[in-house]
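Taking it in order: structure first as structure tokens, then the write-up.
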Amino acid sequence: MRIPLSAPDIRETDIEAVCRVLRSPHLSLGPKLEEFERSIASYAGVSDAVAVSSGTSGLHLCIRALGIGDGDEVLVPSFTFIAAANAIRYERAQPVFVDIEPQMLNLDPAKLEAAITPRTRAIMVVHTFGCPAEMSAIVGIARTRGLSIIEDACEAIGAEYDGRKAGTIGDAGVFAFYPNKQITTGEGGAIVTRDSKLAGRFRTLRNQGRDSSIDWSDASELGYNYRISELNCALGVEQMKRIDEVLARREAVARSYHRRLNGNPTLVLPELNLPCRRISWFVYVVRLSSRFDSRHRDWIWQEMRSRGIGCGRYFAPIHLQPIYRTAAPEAGRADLCNTEAIADRVLALPFFNQITDSQIDEVCATLEEIVLQAQNGFQ
Ligand SMILES: *Cc1c(COP(=O)(O)O)cnc(C)c1O
């Protein structure tokens, strides 16, 4: 793609930091892990951060450490990345999909209550595209119904709700550092929590069940290798030093797109400002207006790509994917009408720190031209 959908922002100082690790004797479980975890915990304002091999492994450890298992149900949106529901199924628990609200595209608190059963154990809240979910209502429901809250903040590092960082409001929250995220470690993730006992469980489970306070050979339970190497952590430490600058730049890119596309009646744009929230811009996703359907969207997506402009169709609802249709047919039982209607019309545009104004102009001009063609009958 001439203009990619995303691109990591790697500087010389990042490369030097990774090379320094390679020249050191510590390639795993060393000083960079501690430094990276301290930097995440202090940025988030919590006691503990536990760095792991990916966002997905972080979500899995949350399910596992909270004791959620066979037959338990966890409420989760279907309009999200499949990892959120997979993490629930790794422990043989049942994801129960709840519809989203049409503005921020997050779990609709008004639809949560109806999905709760005696088997419900937790709500997995996703802060989709970096926009915080309606946490005051969701926390209220969780408290009165005795449910845990896991925050999938994999797309939302730095986002805030009522002055509190996304990921730090529930029992545990997870950030992810794949190359398309706001900051990257190549592969990697981190769990944040204010519960130091829970943090201890995460540390044990990520390292084969070894209790670090006892002898290294003393495995107290079945764990995993969800460790993250010192190379990844060194990159993470450098990236975290620039987090404020990165988030400011991404907000400026979102504002440029908004200025350029605002007023186009065929597009629904993401809100730039929302009450009680600071958005951490992960991607810029526009929606086609309701006169279009998924065939129009797919054609537009194809045309954009054929002209060298990277585009994404996120998200394809989880409950409609083959592995979920067959393995958990009842999981789609709730009314997911917003999820399905919105998923048919979304289009993610190129979004990365170094995108230039002229590239944004080209993306928008091309998009408007192609949408007009689609409107006039694309066949
Ligand atoms: C990126 C992401 C994850 C985790 O992804 P990994 O590739 O495992 O790091 C989980 N949930 C959501 C919503 C994500 O966007």
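Indexing begins at 1, ligand by ligand and atom by atom, following the structure's order. The shown structure was predicted, so the numbers you read here are calculated from the model rather than taken from an experiment.
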Which N/O atoms of ligand 1 sit under 3.5 Å from a protein N/O, and at what distances?
unit_1: ligand 1; atom_1: 8 (O); unit_2: Gly55; atom_2: N; d: 3.4
unit_1: ligand 1; atom_1: 8 (O); unit_2: Thr56; atom_2: N; d: 2.9
unit_1: ligand 1; atom_1: 8 (O); unit_2: Thr56; atom_2: OG1; d: 2.4
unit_1: ligand 1; atom_1: 9 (O); unit_2: Gly55; atom_2: N; d: 2.9
unit_1: ligand 1; atom_1: 11 (N); unit_2: Asp152; atom_2: OD1; d: 3.4
unit_1: ligand 1; atom_1: 11 (N); unit_2: Asp152; atom_2: OD2; d: 2.7
unit_1: ligand 1; atom_1: 15 (O); unit_2: Glu155; atom_2: OE2; d: 2.6
unit_1: ligand 1; atom_1: 15 (O); unit_2: Lys181; atom_2: NZ; d: 2.7

Does the separation of the ring centres of Phe36 and Phe177 fall below 6.0 angstrom? yes

Can you confirm whether or not the ring centre of His127 sits under 6.0 Å from the ring centre of Tyr161?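 No; Tyr161 has its ring centre 6.0 Å or more from that of His127.
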
Among Val285, Asn264, Asn262, find the residue that satisfies the side chain to side chain contact (heavy atoms under 4.5 Å, CB included) test when tested with Leu269. Asn262

Under the rule for side chain to side chain contact (heavy atoms under 4.5 Å, CB included), what residues qualify as partners of Leu274, not counting sequence neighbours?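 Gln103, Met104, Cys131, Glu271, Arg277, Ile279.
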
Can Asn106 and Thr128 be counted as having a side-chain donor-acceptor contact under 3.5 angstrom?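 Judged by distance alone, the side chains do pair up.
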
Please assess Glu151 against Lys165 for the test salt bridge (Lys or Arg N to Asp or Glu O under 4.0 Å), listing each intermediate value before the final yes or no. CA-CA 11 Å; Glu151 290 181 75; Lys165 288 259 178 4; over 6 Å; no

